Structures are given as structure tokens and as C-alpha cells.
Student: 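For reference, the structure I am asking about is given below.
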Amino acid sequence: MKNLQQAEPIPAQAREAIEKMLQTGDLFRYTAKENAPVTLLEQEFAEMMGSRFALAVASCSAALFLTLKALDLKPNAKVIIPGFTFAAVPSAVVHANCQPVLVEVGDDFRMDMADFAAKLTDDIGAVLISHMRGHTSDMDVILRLCAAKGIPVIEDAAHSLGTTWNGQKIGTMGVVGCFSFQSYKLVNGGEGGILVTDDEDIIAKAVIMSGAYENNWQKHGCDTDCFAKYQNTLPLYNTRMNNLSATVIRPQLAEVPRRAANGLRNHEHLAARLNSHPNLTVPPALKPEHRAPDSIQFLLEDMSEPQARALMASSASLGLPLQIFGLHTENARVFWNWKFIKDLPELPQTRAMLMRACDLRLPASLSLADVDQIADALLACVNQVVQAKAA
Ligand SMILES: *Cc1c(COP(=O)(O)O)cnc(C)c1O
């Protein structure tokens, strides 16, 4: 069985550029007068996304936090997030002195639009839509409802690089889109994040707060007068990206189409095989959505909790790191573990989904033969567990 935690090698161009950088020691993004690797990454990423501006930072979480700060929301403003996402998302909201409002997530891993509409009251300051595991919630409905109320939409596209919605790139539909370069995402910088926006006021504030102290904002090459007026008026968080990370990331941007296509091919192949089993369901994508998955999520049908636990154990013994979100006590993706939220609500629908939702990494580097091997192993484990019940 292939090791599903294994990353792809970093492209050779990165190694040459890093060797040069190690000679000069020029690792800080603002040392060079121009063309620092971080600046070049921002230009290349903005161009790839068709956005006016990009800002590279230390993580997607930092990008989300800076975005919330740059929106100048009222203290304690309510920010809608899905009830199924990574703990970093409500964390960014809390750190930005806002209050997360959790919305139910359905069995298709996407935000429940009825609950969203009900919770989108006039006192909501922003909507932070997290496309968890690359599953896109209904952006047509979200954007329409938010536009009608003048509420800004931020996209947490950490896991959605390469995904499109009606042909438009995910991360470019809201006022800001945030991406991650952490190692488990499509582009691997070890750590790192980037935000894209067309709004010059937001980019100016985010750049300054990310740590562009003194006149360093001038090195962003954004032709806008906005920056000067924010200099020394906003607190610095110093959550910049360094040149080493940018150098590892840049040559991987060209790999995005291949990784996205392979990921989708692998996902669809495994989904078809798992869907052929009566005890497994892989929910389909929404119609406008073209995905770039690097993992698969599926639901257990008519299986008890002991059976679900037995399935995790038997797949682990075959080298498959299968997790069921809700059965893992420490899981940072289940809302009941976000104990830093005041008055944490109950979300019965989301909880029920998480108790039977399986999560398995599916790196783009896998071949279809690898995927078949995974499918054979998983289906054998499910059969074993289900038949044990019948016996
Ligand atoms: C990984 C991830 C994050 C956090 O990204 P970092 O770069 O590690 O801060 C946020 N949201 C989602 C959906 C993610 O998958």
C-alpha cells in the first residue's frame, strides 16, 4: 500500500534557487530592493488567479485573520462560518475579536443553505465560507443572499486551489480568498498562506498589518495610493512569508493543473468503487463545481459505532490512515472540540454527519492501480465488519 502521507518531491528548479539563496543568505522578503521571491510569488499567484492583488503570509490562518482585521468589523461582530471546518477558522474569527456563528452542514459536507439563510440576520458582520476539504458550498445562493444585505464574503479556499465554480476560480468569488501552502494542501511550502483580492483598501491594510513596516509596502509593486495613509496607523502582526518558502512554492504553481486533474481522476475512480457498496456513500459534487481533491470523504450507511471503530482499526492494520471525524476524540475538525468559543452551540445535523463521515488522504501522485488497491482494501474491510455483525 502506498504511504498516503507521503508528499511529492519539490521541483528541481527550487533546489537550484535555494542553493543560490543559501549562498547569499537573503531570506527576508524586504531585504532586496525588488524581485524578492515572495514578491514574485505574489505576482505569479495573482496572475494565475486573475486577481489584482496577492499577499503571501505565514499561513492561511494568518491570511484569514488579517482579512477579518482589514474589514474593520465592529468589536464582537458576528461572523458566519460552517460548523464543519478546521479549528483554525473559528480561531481566526476569535483572534480578530469577532464572534463565530456556526451554520449546520449537511450530509454532502456543504453548508446547509436553509440554516445559512436563517442565520444571515442583519447583525452579521461577515460570512467566512470555508470550502472544507475542497467541498464548495452553494456560492450562487451565498453570494446572492450576502449581496442583498451588503455583507462581505471571505473565502477560506485553503483546500480549494484548482477548484472552479461555474468556471470561475474558487477564492476569487468573495471579496478576499485565502489559500494554504501547508504540506497537506495541493501546493506544499511546509507552511505558508496567501490571500487574493481586487480591493485596494483591503490589500493596503493587510500588507501593512502583515508586517510591511516603514516604507516596505512600496516593495509590493501595487500601484495604489492607499498604502501611505495606513502606514504607522495600523498595528503590525509580523506574519510575513520568507523567501525560502516562496522559492519552494513558486515552481509548484505550474504543477497545479496536473495535480488537480490527477486528484479528480483518482477521487472519481475511488468514489465509483465505494458507491457500489450498499454501506458506503460518496456524495456527488454540486453541479457548478469542478473539483481538485487531494482526499476523499464518504459516509457509512447503517453501521453502528462499534462497527465504525472496527473499520478504522482494520483499515489501519492495512496501512490506510482512515479517520472518522467524530470518533477521534482530539479531532480539530469537529465543532464540539472548539472549546475556545463562548456558548458553543449544538448542531445536531452536523454532529450526525461527523459521526459517520470518513476521511482519507488521496494524494494526486497516486496511479489508478494504487487507487484500486486502496478500494480493494477498504471494501474488504467494510465487508469484514458488516459480515461480523451478520454472524
Ligand atoms: C489547512 C486549512 C486551514 C489552515 O491553513 P494553515 O495554512 O495551516 O493555517 C484552514 N481552512 C481549511 C479548510 C484548511 O484545510
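A quick note: this is a predicted structure, and the numbers were derived from the prediction, not measured. One-based numbering, in listed order, for ligands and for the atoms of each.
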Student: Taking only heavy atoms of C60, which atoms of ligand 1 are found under 4.0 Å from at least one of them?
Tutor: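 Those atoms are 5 (O), 6 (P), 7 (O), 9 (O).
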
Student: Just list the side-chain donor-acceptor pairs under 3.5 Å for residues 82-102, sequence neighbours left out, or say none.
Tutor:
unit_1, atom_1, unit_2, atom_2, d
T85, OG1, S130, OG, 2.6
S91, OG, A87, O, 2.6

Student: In this structure, does ligand 1 have an atom that sits under 4.0 Å from one of the heavy atoms of G192?
Tutor: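 Contact present.
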
Student: Just distances here: any N/O of S180 and N/O of ligand 1 closer than 3.5 Å?
Tutor: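 Looking only at distances, the answer is yes, because the N/O contact criterion of under 3.5 Å is met.
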
Student: Can you tell me if Y184 has over 12 outside heavy atoms packed within less than 6.0 Å of its OH?
Tutor: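 Not more than 12 within 6.0 Å, no.
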
Student: Among L311, N279, D302, find the one that has a side chain to side chain contact (heavy atoms under 4.5 Å, CB included) with V386.
Tutor: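 When side chain to side chain contact (heavy atoms under 4.5 Å, CB included) is applied between V386 and each of L311, N279, D302, only N279 qualifies.
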
Student: Can you check which of V89, L64, D156 brings a heavy atom nearest to atom 13 (C) of ligand 1?
Tutor: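 Checking each option, the heavy atom nearest atom 13 (C) of ligand 1 is found in D156.
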
Student: Enumerate the atoms of ligand 1 whose separation from the nearest heavy atom of S130 is less than 4.0 angstrom.
Tutor: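 This gives 13 (C) as the contact atoms.
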
Student: Any luck finding a side-chain donor-acceptor pair between E19 and Q23 under 3.5 Å?
Tutor: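 Judged by distance alone, the side chains do pair up.
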
Student: Answer with side chain, backbone, both or neither: which part of S59 has a heavy atom less than 4.0 angstrom from an atom of ligand 1?
Tutor: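 For S59, backbone and side-chain atoms both sit under 4.0 Å from ligand 1.
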
Student: Give the minimum heavy-atom separation between K119 and L347, together with the two atoms involved.
Tutor: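 Looks like NZ-CD2, 4.0 Å.
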
Student: Filter on ring pair (Phe, Tyr, Trp, His ring centres under 6.0 Å), then keep only pairs touching residues 215-236, sequence neighbours left out; what's left?
Tutor: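 Qualifying pairs, neighbours excluded: Y30-H220, W217-F227.
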
Student: Give a yes/no on ligand 1: does G193 have at least one heavy atom closer than 4.0 angstrom to it?
Tutor: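 It does not; every heavy atom stays at 4.0 Å or beyond.
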
Student: Below 4.0 angstrom from a heavy atom of A158, which ligand 1 atoms are there? Numbered from 1 as shown, please.
Tutor: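 Going through ligand 1 atom by atom, the ones under 4.0 Å from A158 are 2 (C), 3 (C), 10 (C), 11 (N), 12 (C), 14 (C), 15 (O).
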
Student: Looking just at side-chain N and O atoms, do T350 and E104 make a donor-acceptor pair shorter than 3.5 Å?
Tutor: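 Yes - a donor-acceptor pair under 3.5 Å links their side chains.
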
Student: Need the ligand 1 atom indices (1-based, order shown) with element for anything under 4.0 Å from a heavy-atom of K185.
Tutor: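 Going through ligand 1 atom by atom, the ones under 4.0 Å from K185 are 1 (C), 2 (C), 3 (C), 14 (C), 15 (O).
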
Student: Do any nitrogen or oxygen atoms of S61 come within less than 3.5 Å of a nitrogen or oxygen of ligand 1?
Tutor: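 For ligand 1, there is an N or O atom that lies under 3.5 Å from one belonging to S61.
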
